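Bear in mind the structure is a predicted one, so any value in this text is a computation, not a measurement. Naming: A, B, ... by sequence-line order, numbering from 1 per chain. Atoms considered below: every heavy atom in the structure, side chains included; atoms not considered: hydrogens, waters and symmetry mates.
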There are 2 protein chains.
Amino acid sequence: MAKEPGKSVILDAAEKVFALKGFDGSSMRMIAGEAEVAQALIHYHFDTKEKLFEDVVARRSGAINSAREKSLAMLRAGDAVSLEALLEAFFRPNLELGHDTKGGGHYYARLLATTASANDERSVALTRKYYDPIARLYVAAIQDILIGLSDQDAVWGYLFAVGIALTSMSKTGRAAGLSDGKCNDDDIEEILIRNVTFAAAGLRALGQGK
Amino acid sequence: MAKEPGKSVILDAAEKVFALKGFDGSSMRMIAGEAEVAQALIHYHFDTKEKLFEDVVARRSGAINSAREKSLAMLRAGDAVSLEALLEAFFRPNLELGHDTKGGGHYYARLLATTASANDERSVALTRKYYDPIARLYVAAIQDILIGLSDQDAVWGYLFAVGIALTSMSKTGRAAGLSDGKCNDDDIEEILIRNVTFAAAGLRALGQGK
DNA sequence: GTCTATAGTTCGATAGAC
DNA sequence: GTCTATCGAACTATAGAC
């Protein structure tokens, strides 16, 4: 479809395999098998395994972050933005990504959750590069709504929201298991409203210093 | 010191290497080098790499969970337990573990954060086995305090608290970076009070259905 | 209980034909 | 741009001496 069909096929396969097995648990042979191409073709297009991984992250994070920037800008263009609207703009893209089984987004959601929680140099460097800039925008937006919220409270509160998003976005089945089936991993709106309610109350409480 | 000195030396080394490099990124050779023993000795004591990993998790999770069970039981023995006290009992062990640089607990904290966020079969199985039982105790305790909180709200709220704990427990330096040094990863109390404030407000808001 | 040595496999990457 | 074939290194695990 694109000028280089081979590249996107390989990226899709790599995204899936990396998500399921992690960076070190994935081999170029597995990815080549999943993509149904020769192993050497991956090296031709992406050179090394490291660069392939970064290209997987770059492709998705670009799309997510530009969507977020756009909705952030739209929200802030109007006046009197509600905290709930801001948080919904934050949580929804993650949740939709985690439930996108057709476009393969759910694989990236898994990969993202793992990368953001890992502490190896590669994961930390990628998080810094691809996710810290948008994080700063959100922290500033939160402080514009909750006037007087300290920098510490805003940053910690934002990071807590990230933690909530990461545990909610992938369908792990843990909520269903712990609730004996009463929680439904598939229902985005069920999760989203709780994400927003919980995080909004948490952020406001930080601002009230209690 | 113990009857089998070799075992605990190897477990310490394995915990460190697994934490820094992940399961697949670690090799028995690295662990043997870190422990300063022959590689074959690890296989003598632990058989396979898989079993070694599980033994690392089992050693720490047993200590953490029994501490949590004890403090949960103490709290519930008295009456009129506050939500804040319950949440502090939940967050504090994680935070202390993540800042225990002398006993090596911070390595396990990293390992735990990664394992809990990963989605491979090994990680999911270990989370189910070692962390779901205590999770059920906390969910029940939350519902005893917030009378009328639905099963769904309690489970989702608990999982959000887990997400918050996981992003807070390891010293990643991300908070410091995003706040240009104003947040201090080293200050347990600074983080703990925000963990408790945020999660308590979030849980109460879930109960009020708004 | 701890070691050396090594068997057998799989890995990332490259050379070179088409 | 895509392939087959293969190199050299690293891996898990085991055999067997002490």
Side-chain angles (χ1 to χ4, degrees), chain A residues 1-59 107 111 114-115 118 120-123 125-126, chain B residues 1-59 107 111 114-115 118 120-123 125-126:
Chain A
M1 186 130 271
K3 204 173 56 183
E4 291 165 320
K7 288 191 77 161
S8 64
V9 170
I10 292 169
L11 279 174
D12 290 342
E15 180 174 79
K16 176 173 178 179
V17 175
F18 280 139
L20 296 177
K21 315 280 286 184
F23 179 83
D24 290 301
S26 305
S27 74
M28 300 298 264
R29 284 170 170 79
M30 292 179 200
I31 296 168
E34 179 71 32
E36 297 181 303
V37 299
Q39 188 191 339
L41 188 61
I42 308 181
H43 284 103
Y44 170 78
H45 280 303
F46 300 94
D47 199 7
T48 67
K49 186 182 174 184
E50 292 269 357
K51 288 179 185 165
L52 171 62
F53 188 82
E54 173 154 1
D55 278 0
V56 167
V57 174
R59 178 178 63 161
Y107 290 122
L111 187 62
T114 307
T115 303
D120 58 292
E121 292 159 36
R122 173 178 40 251
S123 301
L126 289 178
Chain B
M1 185 131 271
K3 202 173 55 182
E4 291 165 320
K7 287 193 76 162
S8 65
V9 170
I10 292 169
L11 279 174
D12 290 342
E15 180 174 80
K16 177 173 177 179
V17 176
F18 280 139
L20 296 176
K21 314 282 286 184
F23 180 83
D24 290 301
S26 305
S27 73
M28 299 299 262
R29 281 171 169 77
M30 292 180 200
I31 296 167
E34 179 71 31
E36 297 182 302
V37 299
Q39 188 192 338
L41 188 61
I42 309 182
H43 285 101
Y44 171 78
H45 281 303
F46 300 96
D47 200 8
T48 66
K49 186 181 175 185
E50 292 268 358
K51 288 177 185 165
L52 172 62
F53 187 81
E54 173 154 0
D55 279 359
V56 168
V57 174
R59 179 177 64 160
Y107 289 122
L111 187 62
T114 307
T115 303
D120 59 290
E121 292 158 36
R122 175 179 36 255
S123 302
L126 289 178

Among C:dT14, D:dT14, D:dC11, which is the nearest nucleotide to the side chain of B:M30?
-> D:dC11
According to a strict under-4.0 Å criterion, is A:Y44 in side-chain N/O contact with OP1 or OP2 of D:dT2?
-> no
Whole angstrom value for the distance that separates P of D:dT2 from NZ of A:K7 = 11 Å
Hey, does the side chain of A:H43 come within less than 4.0 Å of C:dT14's phosphate (OP1/OP2), counting only N and O?
-> no
Could you state the atom-to-atom distance from NZ of B:K49 to C1' of C:dT9 in whole Å?
-> 14 Å
Please name the pair of heavy atoms, one in B:A35 and one in B:V9, separated by the smallest distance, quoted to 0.1 Å.
-> O-CG1, 3.6 Å
Cation-pi check, B:K49 onto B:F18 ring (under 6.0 Å, within 45° of axis) | no
What is the distance, rounded to the nearest whole Å, between atom CG of B:D24 and atom P of D:dA10?
-> 18 Å
Report the distance from atom NE2 of A:H45 to atom P of C:dT14, rounded to the nearest whole Å.
-> 16 Å
Phosphate oxygens OP1/OP2 of D:dA10: is one of them under 4.0 Å from a side-chain N or O of B:S27?
-> no
Heavy atoms of B:T48 and B:M28 approach each other most closely as C-CE, 4.4 Å
Sorted by chain and residue number, the side chain to side chain contact (heavy atoms under 4.5 Å, CB included) partners of A:D12 (sequence neighbours excluded) come out as A:R59
Rounded distance (Å) that lies between atom C1' of C:dT2 and atom CD1 of B:I42 | 12 Å
Which heavy atom of A:D120 sits nearest a heavy atom of B:L20, and at what distance?
-> CB-O, 3.8 Å
Here the distance between atom P of C:dC11 and atom CD1 of A:I31, to the nearest Å, is 11 Å
In whole angstroms, how far is the C1' atom of C:dG1 from the CZ atom of B:F46?
-> 13 Å
Between B:K7 and B:F46, which heavy-atom pair has the shortest distance, and what is it?
-> O-CZ, 3.8 Å
Please tabulate the protein-to-nucleotide N/O contacts below 3.5 Å involving nucleotides 3-6 of chain D, giving atom names and distances.
{"residue": "D:dC3", "atom": "OP2", "partner": "A:A38", "partner atom": "N", "Å": "2.7"}

Show the numbers, then the answer: is there a side-chain contact (heavy atoms from CB on, under 4.5 Å) between A:F53 and A:V56?
-> CA-CA 5 Å; A:F53 188 82; A:V56 167; 5.6 Å; no
